[in-house]
Amino acid sequence: MSRLRLGVMGGTFDPIHNGHLVAASEVAASLRLDEVLFVPTGQPWQKAGVTPTSDRYLMAEIATAANPRFKVSTVDIDRAGPTYTVDTLRDLAARFPTADLFFITGADAVTSIAGWKDASDLWGLAKFVAVTRPGHALDLPEAPEGAIQVIEIPALAISSTDIRKRVAEGKPIWYLVPDGIVQFIAKHGLYGSKSESVGPESESFGGVK
Ligand code: NAP
């Protein structure tokens, strides 16, 4: 029986956006992955002021609902303490013993991998896929041959930071995130949004009046 090829899409996802979804889809096609698990970080390493895990988890569920090959894992949310990728991968390896794991994340995060907890153990747990936007210069760490693969994703010009900023400024985020995420952000007042500022009749819709 052939082994399951399982993508593990690790990120803070604050919020999840169409760049993440396109990246997962492109990597899945390019590496012939059977499934991609989106794994929102619990308490992200060295980060403060992150949106509660319950909101980031729900947004990941909403954004991936339409794709049967995309799933969401709470493995990092369920584990107490800061999120370290070595723990993510050990937990998933125990849960999916017959799978080959492909850890997919932003290239900027991957450049710091040498400083991650138990860094030397990471290479035996998964192959690493660094997704980046075209033309973005990268300083990749030393790694065993074939351990890190870089894949360029044009849609990664979209960023969570920019989306949070746009929401705070009352600018539209339609088409940068799935429609359900626009509504979720407004409904829960995330990123300084006001619920009445989102909707087809509002200025934030960005449509022709
Ligand atoms: P980050 O520093 O917030 O993000 C760095 C860059 O990568 C940003 O441009 C970000 O864009 C992008 N990015 C993040 N996740 C992505 C994804 N899945 N697909 C495409 N682009 C992505 O990174 P982070 O979210 O905190 O961490 C990313 C992953 O690395 C997480 O799973 C985290 O647990 C792991 N990590 C582990 C350690 C450790 O073990 N010590 C340290 C750092 C990170 P957006 O903001 O638009 O997503």
Side-chain angles (χ1 to χ4, degrees), residues 1-17 19-47 50-107 109-110 112-131 141 143-144 146-151 153 160 178 180-181:
M1 206 176 74
S2 65
R3 290 171 66 82
L4 182 76
R5 292 171 68 82
L6 184 61
V8 178
M9 183 80 171
T12 307
F13 301 132
D14 192 15
I16 193 164
H17 55 66
H20 296 131
L21 297 165
V22 171
S25 172
E26 286 289 306
V27 173
S30 167
L31 302 186
R32 291 173 290 102
L33 302 182
D34 298 299
E35 284 182 8
V36 179
L37 266 187
F38 285 70
V39 188
T41 52
Q43 183 186 327
W45 191 77
Q46 288 191 339
K47 268 192 188 176
V50 172
T51 301
T53 49
S54 53
D55 286 333
R56 292 184 290 109
Y57 163 74
L58 282 171
M59 288 193 280
E61 283 285 9
I62 291 165
T64 56
N67 188 331
R69 287 182 186 245
F70 287 177
K71 308 233 163 90
V72 183
S73 168
T74 58
V75 75
D76 282 348
I77 293 172
D78 296 342
R79 190 184 327 99
T83 295
Y84 297 111
T85 296
V86 73
D87 298 327
T88 313
L89 294 173
R90 282 178 182 147
D91 286 354
L92 290 174
R95 209 168 283 191
F96 301 97
T98 60
D100 288 330
L101 304 181
F102 296 80
F103 187 79
I104 309 160
T105 197
V110 171
S112 66
I113 211 166
W116 293 7
K117 183 185 161 199
D118 296 348
S120 57
D121 290 354
L122 291 170
W123 314 124
L125 287 163
K127 293 258 191 281
F128 284 76
V129 184
V131 289
I148 303 178
Q149 184 168 346
V150 179
I151 298 188
I153 311 285
S160 299
I181 302 302

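Predicted model only: the values in this text are computed from it and were never measured.
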No-hydrogen, no-angle side-chain donor-acceptor test under 3.5 Å, T74 and D78: yes

Give me the atom names and distance for the closest heavy-atom approach of A109 to S112. O-OG, 2.8 Å

When you look at L31 and Q149, which way does the side chain to side chain contact (heavy atoms under 4.5 Å, CB included) test go after all the steps? CA-CA 10 Å; L31 302 186; Q149 184 168 346; 3.5 Å; yes

Can you check whether F102 reaches V27 side chain to side chain, under 4.5 Å on heavy atoms? no

Spatial distance of atom CG (L125) from atom CG (L101) [nearest 0.5 Å]: 7.5 Å

Are side-chain heavy atoms of R56 and I77 found at a separation under 4.5 Å? no

Spatial distance of atom CD1 (I104) from atom CZ (F38) [nearest 0.5 Å]: 7.5 Å

For a 4.5 angstrom cut-off between non-hydrogen side-chain atoms, does S25 reach F70? yes

Whether the side chain of T64 engages the backbone of K71 through a donor-acceptor N/O pair (distance < 3.5 Å, no angle test) should be reported. no

Are the side chains of P178 and L21 in touch, meaning some heavy atoms are under 4.5 Å apart? yes

What distance separates L6 CG from L92 CG, expressed to the nearest 0.5 Å? 7.0 Å

Tightest non-hydrogen contact, residues R3 and A99, listed as NH2-O, 3.1 Å

Distance col, row I148:CD1 vs I113:CD1, nearest 0.5 angstrom, shows 5.5 Å

Rounded to the nearest 0.5 Å, how far apart are OG1 of T41 and CZ of R79? 10.5 Å

Minimum heavy-atom separation for I151 and S30, please, with both atom names. CD1-OG, 3.8 Å

Do the side chains of P40 and D14 get nearer than 4.5 Å, heavy atoms only? no

Main chain of V86, side chain of D118: is a donor-acceptor contact present, judged purely on distance under 3.5 Å? no

Check G42 against T53 and note the closest heavy-atom contact, atom names and distance. O-CG2, 3.5 Å

Can any side-chain N or O of R69 pair as donor or acceptor with the backbone N or O of E35 at less than 3.5 Å? no

Are side-chain heavy atoms of T105 and M9 found at a separation under 4.5 Å? no

Pair D76, T88: side-chain N/O donor-acceptor within cut-off below 3.5 Å: yes

For the residue pair F128 and F103, does the interplanar ring angle fall in the parallel (under 30°), tilted (30 to 60°) or perpendicular (over 60°) class? tilted

Can you find a pair of side-chain heavy atoms, one from P15 and one from T51, that are under 4.5 Å apart? no

Quick check for you: to the nearest 0.5 Å, what is the distance between F13 atom CZ and H20 atom NE2? 5.5 Å

Would R5 and D34 pass as an ion pair if we require N to O under 4.0 Å? no

Tell me, with the steps shown, if L4 and D100 meet side chain to side chain contact (heavy atoms under 4.5 Å, CB included). CA-CA 6 Å; L4 182 76; D100 288 330; over 6 Å; no

Counting N and O atoms only, with roles assigned by atom type, does the side chain of R90 sit under 3.5 Å from a partner on the main chain of T85, one being a donor and the other an acceptor? no

